[in-house]
Undergrad: 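My questions all concern the structure below.
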Protein chains: 2
Amino acid sequence: MLAALANPHRLRIVATLATGGRNYVSQLAREIGISRPLLHLHLQKLEAAGLVVSQLELSPDGKALNYFEVTDFGLELTPATIAQAAKSLTAHSEQ
Amino acid sequence: MLAALANPHRLRIVATLATGGRNYVSQLAREIGISRPLLHLHLQKLEAAGLVVSQLELSPDGKALNYFEVTDFGLELTPATIAQAAKSLTAHSEQ
DNA sequence: ATCATGTGTAAATAATATCTTACAGGTGTA
DNA sequence: TACACCTGTAAGATATTATTTACACATGAT
């Protein structure tokens, strides 16, 4: 989850969805100003982390639109919460 | 700051310092089980993000020990706080 | 048929991050 | 002198992430 948020693009994506509400991929790509394939990749990472969810819908004119919206996640980051969370890290495995 | 915490090693470093208190580089490397140069690199990133601070001290037998300790940082991660924080991201600059 | 819209993904490249190894210097003690 | 501990960093290899470009497929309208 932290890795998913450690990227300016993805922060902006979450911020845009949180502020402007749900949106579909192509439109979101235009608003943020990045290419659609790149946005698609970032959305995949955000969805894998549970920060956004997608729902396929049909527009009035019959086109398939994949709408994304932000989930109501919450995480507090302090030395204490990290000490607690670090216990769930496998012994000495990385990445 | 998010980038600094998006790494298992660095999470463990923060957790170890938060739980066991201040420690110097070589000793911390032994406790965590990673090489000293690698720990040094991660400590640099954590310090640059303001998550830890260092202080050079002299041990009783005259050796220079660089002690690190965690700061009392705090950050709440929700869609709303991210929307707020995203405003401070430069227009369309990355990384 | 062609164009404009939407979807997805694969492949190649570019840019970062991570990690190891090796070096250089310091102090104190045997 | 040699060894044990401490410090730092630079160079190179490896791994991961980010980004672009190109492709394939679908629908509705011209």
Side-chain angles (χ1 to χ4, degrees), chain A residues 1-14 16-17 22-49 51-69 89-95, chain B residues 1-14 17 22-49 51-69 86 89-95:
Chain A
M1 175 172 175
L2 285 171
L5 290 175
N7 177 285
H9 277 330
R10 293 197 287 270
L11 281 180
R12 203 177 333 257
I13 292 168
V14 169
T16 302
L17 289 177
R22 61 204 300 271
N23 205 347
Y24 65 94
V25 183
S26 291
Q27 178 61 24
L28 186 57
R30 283 188 293 265
E31 290 184 11
I32 295 183
I34 64 178
S35 72
R36 189 178 54 79
L38 181 54
L39 174 61
H40 184 267
L41 178 132
H42 286 312
L43 284 173
Q44 277 185 327
K45 299 202 174 188
L46 288 172
E47 190 167 31
L51 301 175
V52 302
V53 290
S54 67
Q55 191 172 4
L56 204 61
E57 292 184 12
L58 287 181
S59 67
D61 62 342
K63 280 166 189 155
L65 306 183
N66 201 8
Y67 275 88
F68 278 83
E69 63 184 320
L89 289 176
T90 315
H92 271 178
S93 73
E94 269 67 61
Q95 306 305 57
Chain B
M1 175 171 174
L2 285 171
L5 289 175
N7 176 286
H9 276 332
R10 293 197 287 269
L11 282 181
R12 193 168 294 123
I13 292 169
V14 169
L17 288 177
R22 62 203 300 272
N23 205 347
Y24 64 94
V25 184
S26 292
Q27 177 61 24
L28 186 57
R30 282 189 293 265
E31 290 184 10
I32 294 181
I34 64 179
S35 72
R36 189 178 55 78
L38 181 56
L39 174 61
H40 185 266
L41 177 127
H42 286 311
L43 283 173
Q44 278 185 326
K45 298 201 173 189
L46 287 172
E47 190 167 30
L51 302 175
V52 303
V53 290
S54 66
Q55 192 173 5
L56 204 60
E57 294 184 13
L58 286 181
S59 67
D61 62 342
K63 281 165 190 158
L65 305 183
N66 200 8
Y67 275 88
F68 278 82
E69 63 184 319
L89 289 175
T90 316
H92 272 179
S93 75
E94 271 66 64
Q95 306 304 60

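This structure is a prediction, so every number in the text was calculated from the model and none was measured. To find a chain, count down the sequence lines: A is the first, B the second, and so on, and within it residues start at 1.
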Undergrad: With a 4.5 Å limit on heavy-atom distance, are the side chains of A:R12 and A:I34 in contact?
TA: no
Undergrad: A:H40 has a side chain; which of C:dT9, C:dT7, D:dT9 sits nearest to it?
TA: C:dT9
Undergrad: Roughly, in whole Å, what's the span from CD in A:E47 to P in C:dT9?
TA: 11 Å
Undergrad: If you pin A:R10 and A:G62 to their nearest nucleotides in DNA chain D, which one's is more 5'?
TA: A:R10
Undergrad: I want to check one thing: is the phosphate of C:dG8, taken as OP1 and OP2, less than 4.0 Å away from some side-chain N or O of A:Q44?
TA: no
Undergrad: Phosphate oxygens OP1/OP2 of D:dC6: is one of them under 4.0 Å from a side-chain N or O of B:N66?
TA: no
Undergrad: Quick one: A:L39 CG to C:dT9 C1', roughly how many Å, whole number?
TA: 14 Å
Undergrad: Report yes if some heavy atom in the side chain of B:E57 is under 4.5 Å from a heavy atom in the side chain of B:R22; otherwise report no.
TA: yes
Undergrad: Would you indicate what A:H42 reaches in the nucleic acid, counting non-hydrogen atoms under 4.0 angstrom: base, sugar-phosphate, or nothing?
TA: sugar-phosphate
Undergrad: Identify whether any heavy atom of A:Q27 sits under 4.0 Å from a base atom; if not, whether one sits that close to sugar-phosphate; answer base, sugar-phosphate or nothing.
TA: nothing
Undergrad: Please tell me which of the listed nucleotides, D:dT7, C:dT7, D:dA10, lies nearest to the side chain of B:P37?
TA: D:dA10
Undergrad: Give B:L41 one of three labels, base, sugar-phosphate or nothing, depending on what nucleic acid heavy atoms sit under 4.0 Å from its own.
TA: nothing
Undergrad: Quick one: does A:L39's side chain get under 4.5 Å of A:L28's, heavy atoms only?
TA: yes
Undergrad: Between B:L38 (CG) and C:dT20 (C1'), how many Å, whole number?
TA: 9 Å
Undergrad: State whether the distance check finds a donor on one side and an acceptor on the other, under 3.5 Å, for side chain A:R36 versus base C:dG8.
TA: yes
Undergrad: Without decimals, in angstroms, what is the distance between B:H9 NE2 and C:dA17 C1'?
TA: 12 Å
Undergrad: Is the phosphate of C:dT7, meaning OP1 or OP2, less than 4.0 Å from a side-chain N or O of A:Y24?
TA: no
Undergrad: Report the distance from atom OG1 of A:T16 to atom CD of A:E31, rounding to the nearest 0.5 Å.
TA: 7.0 Å
Undergrad: Between P on D:dT27 and CG on A:D61, what's the gap in Å once rounded to a whole number?
TA: 12 Å
Undergrad: Report yes if some heavy atom in the side chain of A:L5 is under 4.5 Å from a heavy atom in the side chain of A:R10; otherwise report no.
TA: no
Undergrad: Any side-chain heavy atom of B:L2 within less than 4.5 Å of one from A:L11?
TA: yes
Undergrad: Given that A:K63 and A:A3 both sit by DNA chain D, which one's nearest nucleotide is further toward the 5' end?
TA: A:A3
Undergrad: Rounding to a whole Å, what distance do you find between B:L5:CG and C:dA17:P?
TA: 15 Å
Undergrad: With a 4.0 Å cut-off on heavy atoms, is B:E57 in touch with a base, just the backbone sugar-phosphate, or nothing at all?
TA: nothing
Undergrad: Kindly indicate, with the supporting measurements, whether the criterion side-chain hydrogen bond (donor to acceptor under 3.5 Å, both in side chains) is fulfilled by B:E47 and B:S54.
TA: CA-CA 8 Å; B:E47 190 167 30; B:S54 66; 2.9 Å; yes
Undergrad: Taking the side chain as every heavy atom from C-beta outward, state whether A:H40 and A:R36 have any pair of such atoms under 4.5 Å apart.
TA: no
Undergrad: Provide, to the nearest angstrom, the distance between the CG atom belonging to B:N7 and the P atom belonging to D:dA15.
TA: 17 Å
Undergrad: Quick one: bend of the helix from C:dA1-D:dT30 to C:dA30-D:dT1 from 5 pairs per end, to 10°?
TA: 30°
Undergrad: With a 4.0 Å cutoff (strictly under), does any side-chain N or O of A:K45 reach OP1 or OP2 of D:dA18?
TA: yes
Undergrad: Taking atom C1' of D:dA4 as reference, at what distance in whole Å does atom CG of B:L65 sit?
TA: 14 Å
